[in-house]
Amino acid sequence: MNIFLYDSLSKEKKEFVPIDSKKIRIYACGPTVYNYAHIGNARMSVVTDLLVNILKTKFKKVVFVSNITDVDDKIIEASIREKKPIKEITTKYHKIYNEDMKRIGVKKPDFQPKATDHIQEMIEMINKLLENNCAYIEDNHVLFDVSKYEYYGCLSKRTKEEQIAGNRIDVGEYKKNSEDFVLWKPSKKNEPGWKSPWGYGRPGWHIECSAMSEKCLGIPFDIHCGGIDLTFPHHENEIAQSCSAFKKNSDPQSFCKYWFHNGFVTVDGEKMSKSLGNITLINDLLSKYSGPVIRLSLLSSHYRQPLDWSTKILEQSKKTLKKFENFFDKIPSEFFLKDSNSNFDNEFLNSLYDDLNTPRALASLNKLFDKVKDPKKDDKKIILSLAKCFQLLGINLNKNKNNDESNFVTKSEKKIIFDLIQEREEARKLKDFERADNIRDKLKKMNINIEDSVEGTKWIKNE
RNA sequence: GGUGCGGUGGCGGAGAGGCUACGCACCGGCCUGCAAAGCCGAGUACACCGGUUCGAAUCCGGUCCGCACCUCCA
């Protein structure tokens, strides 16, 4: 089985052929750390995390790099707004980002370079671009001269004429062409800045990814990931910079081989935006839903499709996951310790190898579950395989042995619940069902649902 | 205006010329003191109009509708 990926540069699904099968190299544009991560950031992280997992089933070594943008106009704004130093803002949100991602099962990248740690590399790259006559200095800015790169527009499939026609922003007076973009710009005294051959200033947005991907991975590397909205201008400009710095007019493949873009998350069919006030933060979501539920929701549609986020999706994922969790809860943990050399289900893996078709992969797991749910059958192999498949998706099913929901309840509440359940047990023994049902109603009013099972009465707090 | 993606059953969501996708919800049954859970089973679909074909949700032409990017954005 080979892995196929949709490459947004060539606009076709292609077999993934690594540059060096001993070491796969992936880069993803990470977050700008000036606020809590939202569900769109999470989709990118979850999808690339899954891509890495999938590649690891086939290749021994996969190096994944995802940057942190910690110098940016938005951060400066946040610093003024929150009246806190820049460093404090970026450190805070960087930390929160990693914590939130961890909770939805995203592993930390092998390298998580920060832009501010790579200013020197950026300056060097800008120097090379100036040497190659692909950039110019104007009014204390260094700008990339788009007309010097013949492949410009190859990713977003735009001709220069189209861009000019569609250009809605005012052309900066210092620009030769409206589509030229900033590599280095001057900083005011109160803004973050670094010494450079072009004066005190800071980098433009795009240069950091070109500098850090080359530094951490070397070029060309295998896969470049990011949200679909980054294709233009960010990724287009990355290609232009990297392919002009290395050698003038290098083709896009000399930077990276495959471009992997995930679709947008919308809310009620509309894009999340500050003006609409519909930004859903992971941090808020995590107080209501578990990490695996959020993760499963994000994987319930194909990564390239737009995903319309809603409580319905979360509720559905919650139920789906519960079905599997209930099943695995009944299996003693020793069961998993003995036979750890289980295999992936073929249909499951094939679906994921086919451009990360998670809905089809999930369907195959349901089929697998049908085979295994009859407790009379001894399908140890399939059960182990099922657990392993979920693990590949980043969802752990066989570890939550203790009542997860109890975390949402205080100790004194637990005591009350416990006592009421005891009381109800006694009533049931005496066949006083009216009293038993009254107690159940009472618990329900406390938002506690109970279930009578062979092992006794279980309770769950509703969110 | 340019570029790209899409419209599938009540909802979510794959598939891509003939074969049940799948899940959630709903309905019927089993189980249960009753619930819940679990199990078994049934139903409902491919935006519209033409065309190609023995056969189209899938291919071709057209129409309508939605979304995104072209400005910071995952």
Side-chain angles (χ1 to χ4, degrees), chain A residues 8 11 28-32 34-35 37-48 66 69 72-74 77 153 155-159 161-170 178-179 205 225-234 236 261-266 269-274 279 296-297 299-302 304-310 312-323 326-327 329-330 347 351 354 357-367 369-370 373-375 427-429 431-434 436-437 440-441 444 449-454 457-460:
Chain A
S8 19
K11 297 235 179 287
C29 293
T32 304
Y34 69 107
N35 204 343
H38 56 66
I39 195 70
N41 298 311
R43 188 180 200 194
M44 187 287 266
S45 300
V46 165
V47 164
T48 47
S66 188
T69 300
D72 182 273
D73 288 352
K74 290 194 294 287
E77 283 165 27
L155 183 66
S156 53
K157 302 284 182 283
R158 280 167 236 261
T159 65
E161 293 72 33
E162 280 163 10
Q163 286 166 54
I164 293 160
N167 211 320
R168 279 190 259 145
I169 51 157
D170 293 333
S178 64
E179 66 273 35
W205 173 36
C225 313
I228 187 78
D229 57 317
L230 292 183
T231 30
F232 191 88
H234 186 54
E236 192 73 70
H261 286 113
N262 63 275
F264 245 82
V265 178
T266 58
E270 279 177 310
K271 185 181 162 174
M272 283 192 289
S273 74
K274 274 184 192 162
I279 293 179
L296 186 64
S297 301
L299 294 176
S300 64
S301 65
H302 186 90
R304 280 193 280 122
Q305 292 301 115
L307 173 61
D308 196 25
W309 194 254
S310 68
K312 266 187 185 171
I313 293 180
L314 285 160
E315 288 298 326
Q316 187 175 319
S317 301
K318 191 175 156 186
K319 277 176 186 155
T320 304
L321 208 57
K322 189 142 187 51
K323 182 178 80 176
N326 284 346
F327 175 79
D329 275 349
K330 286 181 189 134
E347 204 180 320
S351 302
D354 183 13
N357 194 328
T358 48
R360 216 170 74 208
L362 252 11
S364 72
L365 294 188
N366 280 308
K367 284 177 198 159
F369 184 66
D370 276 342
K373 66 189 172 193
D374 183 355
R428 287 179 73 210
K429 270 180 198 157
K431 299 216 186 283
D432 184 356
F433 296 123
E434 203 187 326
D437 290 349
R440 180 165 53 203
D441 287 346
K444 203 166 192 174
N449 276 347
I450 53 168
E451 268 178 44
D452 297 326
S453 74
V454 191
T457 302
K458 290 179 186 168
W459 61 271
I460 277 172

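Throughout, a chain's letter reflects where its sequence line sits, starting with A, and its residues are numbered from 1.
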Quick one: label [X] by what it contacts on the DNA or RNA (base, sugar-phosphate, nothing), any heavy atom closer than 4.0 Å.
| X | result |
| --- | --- |
| A:Gly40 | base |
| A:Leu362 | nothing |
| A:Lys458 | nothing |

Atom pair distance, as rounded to whole Å: [atom1] in [X] and [atom2] in [N]:
| X | N | atom1 | atom2 | result |
| --- | --- | --- | --- | --- |
| A:Lys271 | B:U71 | NZ | P | 12 Å |
| A:Asn35 | B:A74 | CG | P | 10 Å |
| A:Leu365 | B:C24 | CG | P | 13 Å |
| A:Ile228 | B:C69 | CD1 | C1' | 8 Å |
| A:Phe264 | B:A74 | CZ | C1' | 6 Å |

Taking the side chain as everything from C-beta on, heavy atoms only, tell me whether [X] gets closer than 4.5 Å to [Y].
| X | Y | result |
| --- | --- | --- |
| A:Tyr34 | A:Thr69 | no |
| A:Asn326 | A:Glu451 | no |
| A:Leu362 | A:Leu296 | yes |
| A:Arg43 | A:Ser301 | yes |
| A:Glu315 | A:Lys318 | yes |

In whole Å, measure the gap between the [atom1] atoms of [N] and [M] for me.
| N | M | atom1 | answer |
| --- | --- | --- | --- |
| B:C49 | B:U8 | P | 16 Å |
| B:G33 | B:U20 | P | 40 Å |
| B:U52 | B:C65 | C1' | 26 Å |
| B:A74 | B:C22 | P | 38 Å |
| B:C30 | B:C46 | P | 34 Å |
| B:A21 | B:U58 | C1' | 15 Å |
| B:A57 | B:A16 | P | 16 Å |
| B:A14 | B:G50 | P | 30 Å |

Seminar exercise, completed: With both pairing distances under 3.5 angstrom for Watson-Crick or G-U wobble, and | for a partner in another strand, the correct string for RNA chain B is (((((((..(((.....[...)))..((((.......)))).....(((((..]....))))))))))))....
Exercise. Got a sec, which residues hit side-chain contact (heavy atoms from CB on, under 4.5 Å) with A:Ile228, two or more places apart in sequence or on another chain?
Worked result: A:His261, A:Phe264
Problem set entry | Partner residues of A:Lys74 under the salt bridge (charged side-chain N to carboxylate O under 4.0 Å, His left out) criterion, sequence neighbours left out | A:Asp72
For this session: Please list, chain by chain and in numerical order, all residues satisfying side chain to side chain donor-acceptor pair (under 3.5 Å) with A:Thr457, sequence neighbours excluded.
Result: A:Glu425, A:Asp452
Exercise. Has A:Asn41 got a side-chain N or O lying under 4.0 Å from the OP1 or OP2 atom of B:A74?
Worked result: yes
Exercise. If you check every side-chain atom of A:Asp229, which of B:C24, B:A21, B:A74 has the closest atom?
Worked result: B:A74
Between the protein and nucleotides 5-16 of chain B, list every N/O to N/O distance that falls short of 3.5 Å.
unit_1, atom_1, unit_2, atom_2, d
B:A14, OP1, A:His302, N, 2.8
B:A14, O3', A:Asn357, ND2, 3.1
B:G15, OP1, A:Asn357, ND2, 2.9

For this session: Go along nucleotides 25-40 of chain B 5' to 3' and tag each nucleotide: B for a protein heavy atom under 4.0 Å from its base, S when only backbone or sugar atoms are that close, - otherwise.
Result: S-------BBBBSSSS
Problem set entry | 5′-ward residue of the pair A:Thr266/A:Lys367 relative to RNA chain B | A:Lys367
Problem set entry | Derivation and outcome, side chain to side chain contact (heavy atoms under 4.5 Å, CB included), residues A:Lys323 and A:Phe369 | CA-CA 10 Å; A:Lys323 182 178 80 176; A:Phe369 184 66; 3.9 Å; yes
Exercise. Which heavy atom in A:Ser66 sits nearest to a heavy atom in A:Cys29, and how many Å separate them?
Worked result: OG-C, 4.3 Å
